[in-house]
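Just so it is clear, the model here is predicted, and its values are computed rather than measured. Because only heavy atoms are used, hydrogens play no part in the values below, and waters and symmetry mates are left out as well, while side chains stay in.
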Protein chains: 2
Amino acid sequence: MNIGDVARLSGLPAKTIRYYEEIGLVSPMRSTNGYRTFRESDLHKLTFLSRARSLGFTIDDCRALLELYVNTSRASADVKKIASEHLVRIDAKIEELIAMKKTLSHLVHECAGDNRPDCPILDDLAAPSKPAVPASR
Amino acid sequence: MNIGDVARLSGLPAKTIRYYEEIGLVSPMRSTNGYRTFRESDLHKLTFLSRARSLGFTIDDCRALLELYVNTSRASADVKKIASEHLVRIDAKIEELIAMKKTLSHLVHECAGDNRPDCPILDDLAAPSKPAVPASR
DNA sequence: ATAAGGGTTCCACCAACTGGAAGGTCAACC
DNA sequence: GGTTGACCTTCCAGTTGGTGGAACCCTTAT
């Protein structure tokens, strides 16, 4: 299979697949004309990566997950650990966004949105010492 | 005021403030020794930026908001538009994360997390054609 | 004199791609 | 056999919003 075929089948752009090769996530063969040649196993890996990335796993996570995926003597605890930690990050991000949303939707609601200059949104942004998210990192 | 002072007062790292100068968001003066000298108005801008960034506005949004902020003949509608569009982006992001969370927490729950290799998480990642978020962009 | 604690510039790096230029290859059609 | 068009290749640059570090200057106190 050429790169276009696995791109279609995995749902990843060809550019991304080349990038994944560059960073060592897949290692397709090369045919005599220089084209990449993908095996079934490469396609499986790419599909795996596509799905893992769409679940928000970082490339580093994907690398670790891929290793566990191909290693049939893995412990499911290792997989679960990576996924659980990712879940914690997702939760934190959701909370952060919800806090932003809350503040912002309040402000948007308050703003007349006409051609006068008075604007509660700008007033709030200009008001000092009010972190949107109550301080973490 | 030197950069350290406005850094403390605005809550932004000095590095970030230098970066904001580089991209033209603030334009402090320079004293004879080459140090940046910040006026009150610069501090106000930096505080504004700090808060706007913490609400998730992009730098481009911040640039536009800052212009409206200093322009006293603005129309609040212009501000509201930027904020509303940002709110839409936040909502979309929240939805995306919640979809991920849903899938992932389900999988984590299913996984035994012991030293055996069987793992529903890997099984799912390997299963083809299941976008985590039902397809948009 | 020197040490601490500011400040300065510049260059490189992070994630995870994406866009585009310049060019090679292949299969089909006339 | 020539040409078109769809593939493929590499390489370089840009994206977003900074961050880290090196090498060096300035000021003040001891």
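- In this entry the distance linking CD1 of B/Ile17 with C1' of C/dG7 reads 13 Å, nearest Å.
- An end-to-end axis angle of 30° holds for the helix from C/dA1-D/dT30 to C/dC30-D/dG1, taken from five base pairs per end and rounded to 10°.
- For the OP1/OP2 pair of D/dG18 and a distance below 4.0 Å, the side-chain nitrogens and oxygens of B/Arg53 include at least one atom meeting the criterion.
- In terms of phosphate contacts, B/Thr16 brings a side-chain nitrogen or oxygen within less than 4.0 Å of OP1 or OP2 of D/dT19.
- When the C1' atom of C/dT8 is taken as reference, atom CZ of B/Phe38 falls 12 Å away, rounded to whole Å.
- Follow the hydrophobic side-chain contacts under 4.5 Å out from A/Leu46 and you reach A/Ile23 in the same cluster.
- Screening A/Leu68, A/Asp78, A/Val79 for a side-chain contact (heavy atoms from CB on, under 4.5 Å) with B/Cys119, the sole residue that qualifies is A/Val79.
- Look at CG on A/Asn2: it is 10 Å from P on C/dA27, rounded to the nearest Å.
- For A/Lys15 against C/dG20, a side-chain-to-base donor-acceptor contact under 3.5 Å is present.
- Taking the side chain as every heavy atom from C-beta outward, A/Phe48 and A/Leu66 approach each other to under 4.5 Å.
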Listing time: all N or O pairs from protein to nucleotides 23-28 of chain D that are below 3.5 Å?
none

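- The side-chain contact (heavy atoms from CB on, under 4.5 Å) test with B/Leu49 singles out one residue from B/Leu65, B/Ile59, B/Leu25, and that residue is B/Leu25.
- Taking the six-membered ring where the residue is Trp, A/His86 and A/Phe57 present tilted rings, their angle falling between 30° and 60°.
- The distance from atom OH of B/Tyr19 to atom C1' of C/dT9 is 17 Å, rounded to the nearest whole Å.
- Annotation: side chain of A/Met100 is in contact with side chain of A/Leu97 (closest heavy-atom distance under 4.5 Å).
- No continuous path of ILVMFWY side-chain contacts below 4.5 Å connects B/Met1 to B/Tyr35, so the two sit in separate hydrophobic clusters.
- A close approach under 4.0 Å does occur between a side-chain nitrogen or oxygen of A/Tyr20 and OP1 or OP2 of C/dC17.
- Look at CE on A/Met1: it is 16 Å from C1' on D/dC8, rounded to the nearest Å.
- Ranking C/dG7, D/dT9, C/dC17 by closeness to the A/Ile3 side chain, first place goes to D/dT9.
- Each of B/Arg8 and B/Arg30 lies near DNA chain C, and the nucleotide nearest B/Arg8 is the one positioned closer to the 5' end.
- A side-chain N or O of A/Ser31 and one of A/Asn33 form a donor-acceptor pair less than 3.5 Å apart.
- In this structure, A/Arg36 and A/Val6 have side chains that are not in contact, with every pair of non-hydrogen atoms separated by 4.5 Å or more.
- Applying the 4.0 Å criterion to OP1 and OP2 of D/dT9, one finds that A/Arg36 has a side-chain N or O inside that range.
- Between A/Phe57 atom CZ and C/dA16 atom C1' there is a gap of 17 Å when expressed in whole angstrom units.
- Taking atom CG on B/Asp5 and atom P on C/dG5, their separation rounds to 16 Å, with Å as the unit.
- Rounded to an integer number of Å, the gap from CD1 of A/Ile23 to P of C/dT18 is 12 Å.
- Candidate nucleotides D/dG18, D/dG17, D/dT19 were compared by shortest atom distance to the side chain of B/Pro13, and D/dT19 ranks first.
- You'll find the side chain of B/Leu9 stays beyond 4.5 Å of the side chain of B/Thr47, heavy atoms only.
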